[in-house]
Colleague: 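Just passing along the structure, written as structure tokens.
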Amino acid sequence: MESHSGPAARLSHVHVRYGEARILDDISLSIAPGRVTAIVGESGSGKSTLLRLLNGLVRPASGDVEVFGSSLGSSDMIRVRRRIGYAVQDVGLFPHLTVTENVLLPVEIAEGDIRTGRGRAEHLMSVMGLDPGLGDRFPHELSGGQQQRIGICRAMIRRPPLLLLDESFSGVDALTRAEIHERFLRLQADEGIAVVLVTHDVREAATLGRQIVVLRSGKIEAVGDSATLLARPAGDYARRLLEPLSR
Amino acid sequence: MLLAVTAVAGLGACAEPGAPGGTGTTVVVGSKPFSESYVLAEIFAQALEREGLNVQRRFGLGSTLITFAALRQGDIDVYPEYSGTISEAILKRPGASMEDIASALDELGLRMLPGLGFSNTYALAMPRQLADELAIRRISDLTAHPDLRTAVSHEFLEREDGWPGLQRAYGLPQAPEGIAHGLAYRAAAEGRIDLTDAYSTDGDLGAWKLAVIEDDLGYFPTYLAVPLIDAGLEPAARTALERLADRFDEALMRQLNARAVVDGESFASIARAFLDGEDAEATAPGSRDGTVRRLGHNLLVHLKLTGIALAFACIAGIGLAAVLYNRPAVARAALYLAGLLQTIPSIALLALMIPLFGVGVLPAVVALFLYALLPILRSSLTALTTVDPLLQDVGEAMGMTPGQRLRHVLIPLALPHILSGLRIAAVISIGTATLAAFIGAGGLGEPIVTGLALNDTGLILQGAVPAALLALLTELLFEALERRLVPAHMRTSPAA
């Protein structure tokens, strides 16, 4: 795997529009390697769109998106995407594949041979607190929270240097969530993965994120180290948004 | 799976009979789907074979129109026709002289050979007992009985020299229904209809206790039986057919027809006996071996017709769906068009194919293809448009190539719907293909068409039962295929 120094991803003056609507407005942001960046904001603030810019599912109207040191505009998207994990709230497990087959699909796509991924799949499932016996079931036989965790396993199966998570823990029940968060952070630190996490839950952002980005109506309202930002939120909006944490 | 069907179909092609065995060109003999036409055509065929010529038989073609079109297109070289039919129904020149007819045919590159020696004119017939009760002897007598339940053959119902002209000439008050000629006499004998059209040389009028009503105004023209040939027919064949001139009379023809229809003797054996000049004893209508072989052959031809049509409909239907599924407006137009094709009655669609593709396998395959297209296109479009966009997103984000997205996302998710469409198309094709015999494509429809002509229920069942079993088998095959390819929770059929 080619390596590069510098940020895992960088957005420079990015604008996204759907027709007349400005979804993202002049976003400049640097995603640090090996760390978790949490993006918080109300629904409709453009969080998911920002995430989808990073794997090219959304194209900017102007500005530049750079991943692993090269601009997406001039990259082989298929190669780039195979190095980016992506897990979303509604998961999108393939109904015709078993749980294990779903987890191993990125390996099959990229390498044409899933044998190399089996051990890793089992490991990831146990980290996520999933019974290995679930592997032979079909996705519809799992609960929503279990499906989400399988989605995270699938996103991480090829040790991607960059992992994009969109509300990926939202369906996991509160009791297990703290445990899963902890295990996830340990794995993330061990493997040095850069993570961009989109969440509407500021507690989750505070727990997982080293860097926090506050997004409002398509603009960056505040950005900073989580400790600093939580101690002294810049601006009214960030203060109100982060208020639950100070209680 | 398709490969398998096509492979079986290929076998069918090899097993086709009448393939040239000797040297020189092959003469193709056609016939219409009624017993006298079969008997005469078989006599033509054997007479040609006795001259050492290769003969291919294309019997039981759907109607005068279809058979004549086949001759004009060069798909057949000769068939037995009647002078009256040529002038009235084909050339639309009522009352034309034989010279006029000959010159008109000449312009079409066709020729009438010298007459076989008998005339088979139209007639009306009714149960003898009823005719006696009502004192009906002549067609004029019918005007007093408007309530007679009348059913005539479809061709007679439409032909200018058939019912329309007859009704005008006599002022007949009855309103006839159409009926397959092969069924009409039985229906009359069983008292379900009172009056039908008949051919004066029909062999079974006596057996069904039917009386012929006299044409007292002399309305029906003469229908002198003749071999109608392509002018390019090779001289040896022509000479052989000319030798049949005046070898028949009406009594002999009625007797030959009776042997086929009443005694159940095979056309081949009747023709052999006639050409041998013997009053040969009626032989059993085809040995058991022959029946099984014929059945196997018909089955293979049937599989070939439906297999090829389905294979192409699959390629076109699924391919078209793949191209159109994200262009809703065009997709809708394509569906309407395919739906329109579906509304054309199958026998009409088959007949419409003749000017384009002649008779035989090709037009049948094209018609079956057009029928199979709608269920396959519709189900494939439904399948592809309902694939969850989230899953397509996930596949793309995973770094799938377009080919991988097709293989890992679109096809497996669309498969249950596509399979159910294929299954419907296959069963429809198997049923519709029985009608292909009317345009000379053979298959399981062949015994059905011949059986209708001979009023032979056994023969009809020889086609109908295997066709039904084949449809059932196809259902089971698709069920097994679904069980193999689609996980239980994604299956569309309740049984699978």
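Order of the sequence lines sets the chain letters (A, B, ...), proteins ahead of strands, with each chain counted from 1. Only a predicted model underlies this, so the values are computations on that prediction, with no experimental measurement involved.
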Colleague: Ala87(A), Gly56(A), Pro106(A): which one forms the most heavy-atom pairs within less than 4.5 Å of chain B?
Modeller: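 The residue among Ala87(A), Gly56(A), Pro106(A) with the greatest pair count is Pro106(A).
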Colleague: Quick check for you: among Pro412(B), Pro416(B), Gly399(B), which has the greatest number of heavy-atom pairs under 4.5 Å with chain A?
Modeller: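 Among the listed options, the one with the most contacts to chain A is Gly399(B).
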Colleague: Could you look at Met490(B) and say if it's the side chain, the backbone, both or neither that has a heavy atom under 4.5 Å from chain A?
Modeller: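 For Met490(B), the contact with chain A is made by the side chain alone.
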Colleague: Could you tell me whether the side chain of Asn298(B) reaches within less than 4.5 Å of the side chain of Pro447(B), counting heavy atoms only?
Modeller: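 Side-chain contact under 4.5 Å: yes.
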Colleague: Looking at side-chain heavy atoms only, is the closest gap between Val409(B) and Met398(B) below 4.5 Å?
Modeller: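 No, their side chains stay 4.5 Å or more apart.
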Colleague: Could you tell me which portion of Leu57(A) (side chain, backbone, both or neither) has an atom closer than 4.5 angstrom to a non-hydrogen atom of chain B?
Modeller: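 Side chain of Leu57(A) only, per the 4.5 Å heavy-atom cut-off to chain B.
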Colleague: Please look at Glu396(B) and chain A and tell me whether the side chain, the backbone, both or neither of the residue comes under 4.5 angstrom of a heavy atom of that chain.
Modeller: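 Both backbone and side chain.
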Colleague: Using side-chain heavy atoms (C-beta onward) and a distance below 4.5 Å, is Arg158(A) in contact with Val107(A)?
Modeller: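 Side-chain contact under 4.5 Å: yes.
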Colleague: Given heavy-atom pairs under 4.5 angstrom as the criterion, report whether the side chain, backbone, both or neither of Val80(A) touches chain B.
Modeller: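 Answer is neither: Val80(A) stays 4.5 Å or more from chain B.
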Colleague: For the candidates Pro95(A), Gly85(A), Gly151(A), Ala155(A), which exhibits the highest count of non-hydrogen atom pairs separated by less than 4.5 Å from chain B?
Modeller: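 Between Pro95(A), Gly85(A), Gly151(A), Ala155(A), the count favours Pro95(A).
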Colleague: Would you mind reporting whether Leu105(A) and Met400(B) have side-chain heavy atoms less than 4.5 Å apart?
Modeller: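 With C-beta onward as the side chain, the pair touches.
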Colleague: Side chain, backbone, both or neither: which part of Leu390(B) has a heavy atom under 4.5 Å from chain A?
Modeller: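 Looking at Leu390(B), just its side chain touches chain A.
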Colleague: Where does Leu93(A) contact chain B at under 4.5 Å (heavy atoms): side chain, backbone, both or neither?
Modeller: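 Just the backbone, heavy atoms under 4.5 Å.
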Colleague: Compare all side-chain heavy atoms of Gln188(A) with those of Met156(A) and state whether any distance is below 4.5 angstrom.
Modeller: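 Not touching, per the 4.5 Å side-chain cut-off.
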Colleague: Name the region of His140(A), side chain, backbone, both or neither, that has any atom closer than 4.5 Å to a heavy atom of chain B.
Modeller: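 Looking at His140(A), just its side chain touches chain B.
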Colleague: Between Phe138(A) and His489(B) (judged by ring centroids, cut-off 6.0 Å), do the two rings come close enough to count as a pair?
Modeller: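 Yes, they do, as the ring centres are separated by less than 6.0 Å.
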Colleague: Side-chain contact test, heavy atoms from C-beta onward, threshold under 4.5 Å: evaluate it for Ile439(B) versus Phe357(B) and give yes or no.
Modeller: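 No, their side chains stay 4.5 Å or more apart.
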Colleague: Which atoms of Tyr86(A) are under 4.5 Å from chain B, going by heavy atoms: the side chain, the backbone, both sets, or neither?
Modeller: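 For Tyr86(A), the side chain is the part near chain B, not the backbone.
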Colleague: Going by heavy atoms in the side chains, are Thr100(A) and Ile114(A) under 4.5 Å from each other?
Modeller: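 Thr100(A) vs Ile114(A): side chains apart.
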Colleague: Examine whether an atom of Asp90(A) lies under 4.5 Å from a heavy atom of chain B, and if so say whether it belongs to the side chain, the backbone or both; otherwise answer neither.
Modeller: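 Both backbone and side chain.
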